[in-house]
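For reference, the structure is listed below as structure tokens.
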Amino acid sequence: MTPPAEVLTAHRPRAVAVVIPAKDEAERIEATVRAARELPQVDLVVVVDDGSSDATSALAKGAGARVVRHPRNRGKAAAMETGARAVAHLERHEAPPPAEPTSAQPAAAEPTSAQPAAAEPTAAEPAAQPEGGPTPAVGPASAERIPRALLFLDADLGGSAAEAAPLIPAVLGEGVDMAIALLPPQPGAGGMGLVVGTARRGIERATGWRAQQPLSGIRCLTRECWDACQPLAAGWGVETSLTIDALTAGFWVKEIPCALQHRATGNDLSGRLHRAGQLRDVVRALARRRHLRPPEPEGEPEI
């Protein structure tokens with residue numbers, strides 16, 4: 001029996017934080033950040049500069065992102081973890097939303113020339129805090145605040161990052177716990193499908209669910225789902241591990257078509273080396289989770 005919509009959507013996130021792992025993406029990071037900031041429900045964009053040797057950090061800050069930097073390259077999974085921690089840090093230092101005025105508590109008057117507006121409070125945060133972008137106001141954490149959903153985007157999406165929009169209502173409004181972008185064919189893409197096929201078969205053996213694009217890294221998920229998928233598999237195995245862990249923990253995973261375009265990996269030497277690294281990490285991720293199998297049903301389920 002399909003649960004009623006109000007059950008699926010109770011206590012859902014109300015806002016989205018975008019996390020963009022990036023390395024040497026000075027050419028496209030500005031356009032990616034600007035498009036991400038325009039997505040519905042997005043009020044925070046964090047770029048994790050994973051050891052870039054170009055102006056990625058400076059350009060991301062100029063486009064309005066908060067930036068966290070790794071002194072050296074640590075890989076995609078580590079960058080995703082750093083971004084999620086940065087979002088949680090910023091949420092802890094946000095002021096709670098203002099209370100609705102009542103008859104006993106009139107709304108504050110607009111400042112006049114004789115009553116200057118108070119300065120916006122700023123956070124006294126540690127040196128590792130995200131840099132750049134708007135600084136959230138400081139105040140006591142709200143016990144009722146639901147953590148933002150996390151939307152992970154590739155840094156090379158450019159303006160097409162706006163096409164990730166369908167993932168957001170799926171998580172915020174439909175009850176999906178992890179929405180994965182299905183991308184159209186990418187011009188110039190090479191490869192013979194070995195890595196994709198390995199990940200797809202491994203996910204299906206572990207969970208019974210067959211993914212169309214198991215390596216898609218453009219995903220929106222709730223903080224609860226993210227936390228349940230820790231620790232992440234290393235490097236390029238992160239998408240495979242996220243899918244397996246979310247499904248075996250009972251979360252709803254759904255693939256959603258999005259008209260996204262990014263720089264395709266060709267069939268030259270660089271592209272082949274990239275796919276070899278992907279295959280290595282996917283196999284390692286599957287080996288770590290090979291013991292996982294769907295539980296056998298025991299009697300009638302309780303609803």
Side-chain angles (χ1 to χ4, degrees), residues 2-3 5 8-9 12-13 15-22 25 28 31-42 45 76 80 148-204 206-222 225-226 229 236-247 251-266 275 278 282:
T2 302
L8 291 174
T9 59
R12 304 302 291 181
V16 178
V18 172
V19 175
I20 307 175
E25 290 290 351
R28 300 193 182 194
T32 303
V33 169
R34 290 194 180 106
R37 293 183 65 199
E38 296 300 318
L39 286 167
Q41 275 29 73
V42 168
V45 177
K76 184 175 184 180
M80 293 171 69
R148 290 172 175 84
L150 299 171
L151 173 59
F152 292 95
L153 297 178
D154 293 345
D156 63 355
L157 290 172
S160 81
E163 301 298 332
L167 303 178
I168 295 174
V171 173
L172 270 59
E174 298 175 21
V176 177
D177 300 299
M178 179 186 293
I180 305 173
L182 283 177
L183 279 66
Q186 303 293 296
M192 303 296 291
L194 175 61
V195 186
V196 171
T198 300
R200 180 182 293 128
R201 289 189 295 272
I203 292 169
E204 189 170 15
T207 69
W209 186 70
R210 186 171 179 82
Q212 295 184 56
Q213 292 185 9
L215 301 182
S216 175
I218 302 159
R219 301 175 179 223
C220 187
L221 64 162
T222 64
C225 182
W226 169 261
C229 295
W236 301 107
V238 63
E239 291 89 5
T240 301
S241 74
L242 277 171
T243 301
I244 291 174
D245 289 347
L247 287 166
F251 291 100
W252 181 12
V253 177
K254 183 178 181 180
E255 295 181 309
I256 298 174
C258 297
L260 295 152
Q261 297 288 333
H262 64 89
R263 185 172 49 249
T265 302
R275 281 189 289 276
Q278 280 186 309
V282 166

Distance (rounded to the nearest 0.5 Å) between Met178 CE and Lys254 NZ: 15.0 Å
Ring centers of Phe251, Trp226 separated by less than 6.0 Å: no
Check: Leu151 and Val19 side chains under 4.5 Å, non-hydrogen atoms: no
side-chain contact (heavy atoms from CB on, under 4.5 Å) partners for Ser216, two or more places apart: Ile180, Ala181, Leu183, Gln213, Ile218
Distance-minimising heavy-atom pair for Val253 and Trp209: CG1-CH2, 3.9 Å
Backbone N/O of Leu157 and side chain of Ser160: donor-acceptor pair under 3.5 Å: yes
Spacing of Cys220 atom SG and Arg148 atom CZ [to the nearest 0.5 Å]: 13.0 Å
Closest heavy-atom pair and its distance - Ala165, Pro40: CB-CD, 4.1 Å
Interatomic distance, Leu242 atom CG to Phe152 atom CZ [nearest 0.5 angstrom]: 7.5 Å
From CD (Glu163) to CG (Leu39), nearest 0.5 Å: 9.5 Å
Candidate list Asp245, Thr240, Leu247, test side-chain contact (heavy atoms from CB on, under 4.5 Å), partner Thr243, passing option: Leu247
Stepwise salt bridge (Lys or Arg N to Asp or Glu O under 4.0 Å) check, Glu239 with Lys76: CA-CA 10 Å; Glu239 291 89 5; Lys76 184 175 184 180; 2.4 Å; yes
Which atom of Ala164 lies closest to which atom of Leu260, heavy atoms considered: N-CD2, 3.8 Å
Minimal non-hydrogen separation, Val42 against Ala36, with atom names: CG1-O, 3.5 Å
Check: Cys225 main-chain N/O paired with Asp177 side-chain donor or acceptor under 3.5 Å: no
Gap separating the CD atom of Glu25 from the OG1 atom of Thr32, nearest 0.5 angstrom: 7.5 Å
Derivation and outcome, side-chain contact (heavy atoms from CB on, under 4.5 Å), residues Cys258 and Leu167: CA-CA 8 Å; Cys258 297; Leu167 303 178; 3.9 Å; yes
Any side-chain heavy-atom pair of Val282 and Trp236 under 4.5 Å: no
Residues Arg12, Glu174: salt bridge by 4.0 Å N-O rule: no
Any Pro13 side-chain heavy atom under 4.5 Å of Gln41 side chain: no
Residue pair Ile20, Val33: steps toward the side-chain contact (heavy atoms from CB on, under 4.5 Å) verdict: CA-CA 8 Å; Ile20 307 175; Val33 169; 4.2 Å; yes
Gln212 side-chain N/O to Glu255 backbone N/O, donor-acceptor pair under 3.5 Å: no
Carboxylate-amine/guanidinium proximity below 4.0 Å for Arg28 and Asp154: no
Closest heavy-atom pair and its distance - Ala155, Pro21: CB-O, 3.4 Å
